[in-house]
Amino acid sequence: MILADKIIRLRKRNGWSQEELAEKMSVSRQAVAKWEGAQTIPSLEKILQLGNLFGVTTDYLLKDEVEDEEFIEDNVEPGIKHITLTEANEFLEWRKSASIRIAVATFLCIFSVIPLFVLVAVSIYLPVNISENIANFLGLTILLVLVAIAVSIFVFCGFRNAPYEFLDGESFDTEYGVRGMVKEKQKAYKVTYVLLNIVGVCVLIISPIPLFLCTLTENEFLMVIMLSVTIFLAGIGVVLLIISGVRWASMQKLLSEGDFTEDNKRKYKLKETISNIYWVIVVAVYLGWSFITNKWGETWIVWPIAGVLFGGVMCISNLIADKDK
């Protein structure tokens, strides 16, 4: 393989255009084009610079018979985790799978109250041979089973993700080619990410419409059904946002971008901790209030209120993080 082909291969592996490589090498784009077209050969100084830039030896660049890349020995700082290309790919594949699992578990938690609402409504408002006590028992049983399945999924994801937790708050180094690979995947996923966010937000916005329609009728059974539809739509919206967000965040973590830059990692960790504590408290309040009063048809109001207050909680956590910084 000649030098021209090696430059093309290394440039594309890093996800750079000819203009980007030219800027890094302090030459014109035309110069890079001539190198890659085998019209000219870089000076020895530029070959050394190319080797340092790509992290490969000059022997690899200059010797046509050397086909496999020979990397320069990394001077990795002691204690800093070094991520290989294989590890990066495995992490992205796991988070892609995890996004579905987390979304499903979250949906099960949201959906779990619907069978209870419907069964109780059927026992009260429809002429069926089922008592309200039996309806409550069946509904609560289904709720607890669905929540148990969701918790199991969350626990599994937590254990499975444990080896990658350092990405959230620690410094790390990446092997040559990792950034380029992640950049390409991020570029390919960006349209899907934007679409999932748009659809997810739109579904959440329209989810209360069935509930508003209840004002047009005095049929209490129909009101319960419309409430269930609202909860179901809200769950779908949340699922779309989780799937897109988890996958996008996994790429940002490897690239140290967005919430995962060195400056933002500590802030993100604090926000994540506060968020986890907040939702545990919300769940405890909801279940405690519901079991004590047995007014499941009313206690659902905890969730929209909690959702509104969550924005304020995150603002406060940002202020605390900025103050500590």
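The figures here come from the full heavy-atom set of this structure, side chains too, leaving out hydrogens, waters and symmetry mates. A quick note: this is a predicted structure, and the numbers were derived from the prediction, not measured. Counting begins at 1 with the first residue of the sequence.
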Measuring only between side-chain heavy atoms, which start at C-beta, is [X] closer than 4.5 Å to [Y]?
| X | Y | answer |
| --- | --- | --- |
| W16 | L53 | yes |
| W248 | K253 | no |
| L50 | T58 | no |

Flag if over 12 foreign heavy atoms under 6.0 Å of [atom1], [X]:
| X | atom1 | value |
| --- | --- | --- |
| F221 | CZ | yes |
| K46 | NZ | yes |
| L144 | CG | yes |
| E19 | CD | yes |

Cut-off 3.5 Å, no hydrogens considered: what does the side-chain donor-acceptor table look like for residues 183-200, sequence neighbours left out?
{"from": "K183", "atom 1": "NZ", "to": "E257", "atom 2": "OE2", "distance (Å)": "2.9"}
{"from": "N197", "atom 1": "ND2", "to": "Y193", "atom 2": "O", "distance (Å)": "2.8"}
{"from": "N197", "atom 1": "ND2", "to": "S244", "atom 2": "OG", "distance (Å)": "3.2"}

- Item | Trace of the salt bridge (Lys or Arg N to Asp or Glu O under 4.0 Å) decision for R11 with E36 | CA-CA 10 Å; R11 174 177 63 78; E36 295 185 353; 2.5 Å; yes
- Query: Taking the side chain from R101 and the backbone from C157, do they hold a donor-acceptor pair closer than 3.5 Å?
  - Reply: no
Could you tabulate the donor-acceptor pairs under 3.5 Å formed by side-chain atoms of residues 230-241, not counting sequence neighbours?
{"from": "T230", "atom 1": "OG1", "to": "S207", "atom 2": "O", "distance (Å)": "3.0"}
{"from": "T230", "atom 1": "OG1", "to": "L211", "atom 2": "N", "distance (Å)": "3.3"}
{"from": "T230", "atom 1": "OG1", "to": "M226", "atom 2": "O", "distance (Å)": "3.2"}

- Task: Sequence neighbours left out, what passes side-chain hydrogen bond (donor to acceptor under 3.5 Å, both in side chains) with T141? Give chain and number order.
- Result: none
